[in-house]
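Below: the structure, in C-alpha cells.
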Amino acid sequence: MTRPILPAAATVEAEQAAIAGGTPETDLMENAGAALARAIRLMSPWRPVLFLAGPGNNGGDAFVAARHLLEQGMQVRIAVTGAPKRDAARWAKGGWHGEVELISEETEPAPLLVDALFGTGLGRPLGEELQAHLMRLAEGAAMTIACDLPSGVDADSGEMLSPIPRYDATVTFGALKPAHRLAPAMQHMGDVILADIGLGEVESDWREIGKPELPAPDPVGHKYGRGLVHCLAGSMPGAIALSAHAAARAGAGYVRVSTSRMIDGLPSAIVQTDSADALDDERIGCLLVGPGMGDVPPLLTLALTKTHPLVIDADAIKAVGEPDRLVGHDVILTPHEGEFEALFGEIEGTKADRALIAAQRSQSIIVLKGPDTLVAAPDGRLGFAPPAPAGLATAGSGDVLAGIIAAFRARGMEPFEAACAAVWVHGRAAEVAGPNFIADDLVAALGPLS
Ligand SMILES: NC(=O)C1=CN([C@@H]2O[C@H](COP(=O)(O)OP(=O)(O)OC[C@H]3O[C@@H](n4cnc5c(N)ncnc54)[C@H](O)[C@@H]3O)[C@@H](O)[C@H]2O)[C@H](O)CC1
Ligand SMILES: [K+]
C-alpha cells in the first residue's frame, strides 16, 4: 500500500468533503491533535513540551494535542503568535485550560519543541522575529517535531520560504503533501508520520513509491519468460556493462549486449553480440540505450526503428532532440535535471508539475532523478520516491537504475510500475550497500531485493 500525496488545495477539498459528509471540522481537528499527541508520546513520553501555536488551524492542532498530553500527565506549555483567527482554532483554544504565553525573547526553550505555527496555509515567509524565535527554540530543544509541515516550507513545491530547523519528525494528516517528498523541504522533515484523521479513503493519482510487488518467476518458465533485456553499447562500454549487470541481477532471464568489440569484465552469463539482426528478436522484453552511448546518435535512431519497449537514458536523452519524437513509442525516459532541461527546455511550475507536463508532451514515462526522484506518467500518475541515501549521486548509479528499470519492464511490469519499482529497489540497494559504495556494490546488492 503506498501513501497518498495531495497538494494543499486538494487537501482542503478533501477536508471540506469530509465536513460536507457530516464530519464537523472540530472532529477533524480533534483527530489531528490526538494523533499528534500520540506520536509525541511514542517518541518522547517524558520530556516537557513547548508548543508554538500559530493563528490558524495548524495552531489549533497544537491546542488539542496539548490538552491530551496534559491529561496524560506530561508537562506542557503553549506559546502563541496571537489570538486564533479560525473558528476551529478558537474552539480548540477554548478546550485548553492551561497557561498561554506570547512568543517573545522571554519564551524559554523546552526539551521537546512542537512547531504548530503554520501548515498548509503558509502563504509567505515567516516574519523575521518569529523566524528567529523558532530557530532559537529549536536549537534549545533536544527533540523537535513539526505539526503537518515545518513552518516555512511551501506545501506544494517543497521550496523553503524561510530558513527552517531540521526536525526529528513531522506528523501530517490525511495525506502527505508534495513538500514531504520534495527537496529541499524533505531533508528537514525527519521521520514523516501520516495520521488518519477521518477524511475517509483519500483518492490520489499522486502517491509515495512504496515496496513493489515484483512478478514472481514462473517456476516452469524459460529464461525468455523472465524477460530478455537487450542493451546497445556505445563509445564507453563500461556504463552499459553496469546497466547490463544490473539488469541481470534485477532478475532479467537473459541479458544481451550489442557491441562492436568485446567488453571486458562482463559476466559470461551476459551475452555479447555484434550481429545487427539480434535487435529483431521479438523475444526482447526491453531495449536499453544511452548509458555510455557517447556521441553515437544513430544508436538511438536504430532503437526507435524497433517496436520493443524502450529505456532511454543518459546520452541518448540528449540525442532525442524533440519530445514528440517519442510519441507512439513505448518509452521510459530517465533524465536528471540537466538532461531534462536540455530536452524539454524551461517548464514553469513545481517539480511535480514539470514531470507531468513532460510525460504528457513525450507520451512517455519520465523518471526525473534527483534527491527527490519523481516518476510521471502521461495519464497523470505521479510517484514520489521515499528518501534514499545521498551516496546515490555517484558515478554509474544512473546506469544501474536504467538496468533495473529495463529488467522489471522485461519481466512484464507495465512501464510506470516498472519505473517506480526500480526507483524503490535502487534506493534500498544503496541502503544495503551504504554508507560509502560504488555503483558495482549497488549491483551486488540487487539480488535479494529483486
Ligand atoms: N488537512 C486536514 O484535513 C486538516 C488540517 N488541519 C490543520 O490545518 C492547517 C491549515 O490551517 P490554516 O488555518 O488553513 O492555515 P495555517 O494554520 O497553516 O496558517 C494560518 C494562517 O496564517 C496566515 N499566514 C500564512 N502565512 C503567514 C506568515 N508567513 N506569517 C503570518 N501569518 C501567515 C494565513 O492567514 C493562514 O491562514 C493544516 O496545516 C493542519 O495542521 C486541521 O486541523 C485538521 C484537518
Ligand atoms: K507547522
Side-chain angles (χ1 to χ4, degrees), residues 212 214-218 221-234 237-259 263 265-293 299-300 302-317 329-334 364-365 367 396-423 425-426 429 439-440 442-444 446-447 449-450:
L214 297 172
D218 172 355
H222 52 70
K223 57 179 177 281
Y224 297 112
R226 288 184 52 216
L228 167 50
V229 170
H230 194 111
C231 308
L232 297 180
I240 203 74
L242 258 181
S243 302
H245 207 163
R249 285 267 182 257
Y254 188 126
V255 180
R256 200 163 48 198
V257 180
S258 283
T259 175
I263 301 170
L266 261 184
S268 44
I270 292 172
V271 172
Q272 303 190 43
T273 169
D274 62 357
S275 75
D277 58 15
L279 281 184
D280 295 325
D281 183 340
E282 76 281 356
R283 294 167 306 184
I284 290 175
C286 190
L287 189 53
L288 169 56
V289 63
M293 184 181 95
L299 277 183
L300 172 67
L302 173 65
L304 287 170
T305 62
K306 306 300 173 192
T307 56
H308 309 304
L310 277 174
V311 172
I312 298 178
D313 179 48
D315 303 333
I317 296 174
H329 293 273
D330 173 348
V331 171
I332 298 170
L333 206 67
T334 58
S364 302
I365 302 299
V367 179
S397 167
D399 303 327
V400 171
L401 176 61
I404 304 168
I405 297 173
F408 290 173
R409 187 79 185 90
R411 285 173 61 180
M413 295 182 84
E414 63 96 16
F416 177 76
E417 294 303 332
C420 287
V423 163
V425 165
H426 191 238
D440 305 68
L442 287 176
V443 176
L446 289 176
L449 287 163
S450 311

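Atom set for the values below is all heavy atoms of this structure, side chains included, hydrogens, waters and symmetry mates excluded. In what follows, residues are counted from 1 in the order of the sequence shown.
Side chains of His308 and Leu288 form no contact here, defined as non-hydrogen atoms less than 4.5 Å apart. Residues Leu310 and Ile332 are not in side-chain contact: their nearest non-hydrogen atoms beyond the backbone lie 4.5 Å or more apart. For the pair Val255 and Val271, the minimum side-chain heavy-atom distance is 4.5 Å or more. Within the 4.5 Å cutoff, the side chain of Ile405 has heavy atoms near those of the Thr334 side chain. When side chains are defined from C-beta on, Leu266 counts as touching Val257, because their heavy atoms get closer than 4.5 Å.
Between Ala250 and Ala407, the shortest heavy-atom contact is CB-CB, 3.7 Å. What you find for Ala246 and Leu446 is that their closest heavy atoms are O-CD1, 3.7 Å. The two residues Arg256 and Ala278 make their nearest non-hydrogen contact at NH2-O, 3.4 Å. Closest heavy-atom contact between Pro309 and Arg409: CB-NE, 3.7 Å. Of all heavy-atom pairs between Ser450 and Val425, the closest is OG-CG1, 3.9 Å. Of all heavy-atom pairs between Ala439 and Leu242, the closest is CB-CD1, 3.7 Å.
A donor atom on one side chain and an acceptor atom on the other are not found under 3.5 Å apart for Asp399 and Ser243. Side-chain contact of His329 with Ser364: a donor-acceptor pair under 3.5 Å is absent, judged by distance alone.
A distance-only check finds no donor-acceptor pair linking the side chain of His245 to the backbone of Val400 [under 3.5 Å]. Under a 3.5 Å cut-off, the side chain of Gln272 and the backbone N or O of Ser258 do not form any donor-acceptor pair. In this structure a side-chain-to-backbone donor-acceptor pair under 3.5 Å is present from Arg226 to Gly251.
Other residues, nucleotides and ligands contribute more than 12 heavy atoms inside 6.0 Å of the CZ atom of Arg411.
With respect to Leu287, the side chain to side chain contact (heavy atoms under 4.5 Å, CB included) criterion is satisfied by exactly one of Val229, Leu279, Asp330: Leu279.
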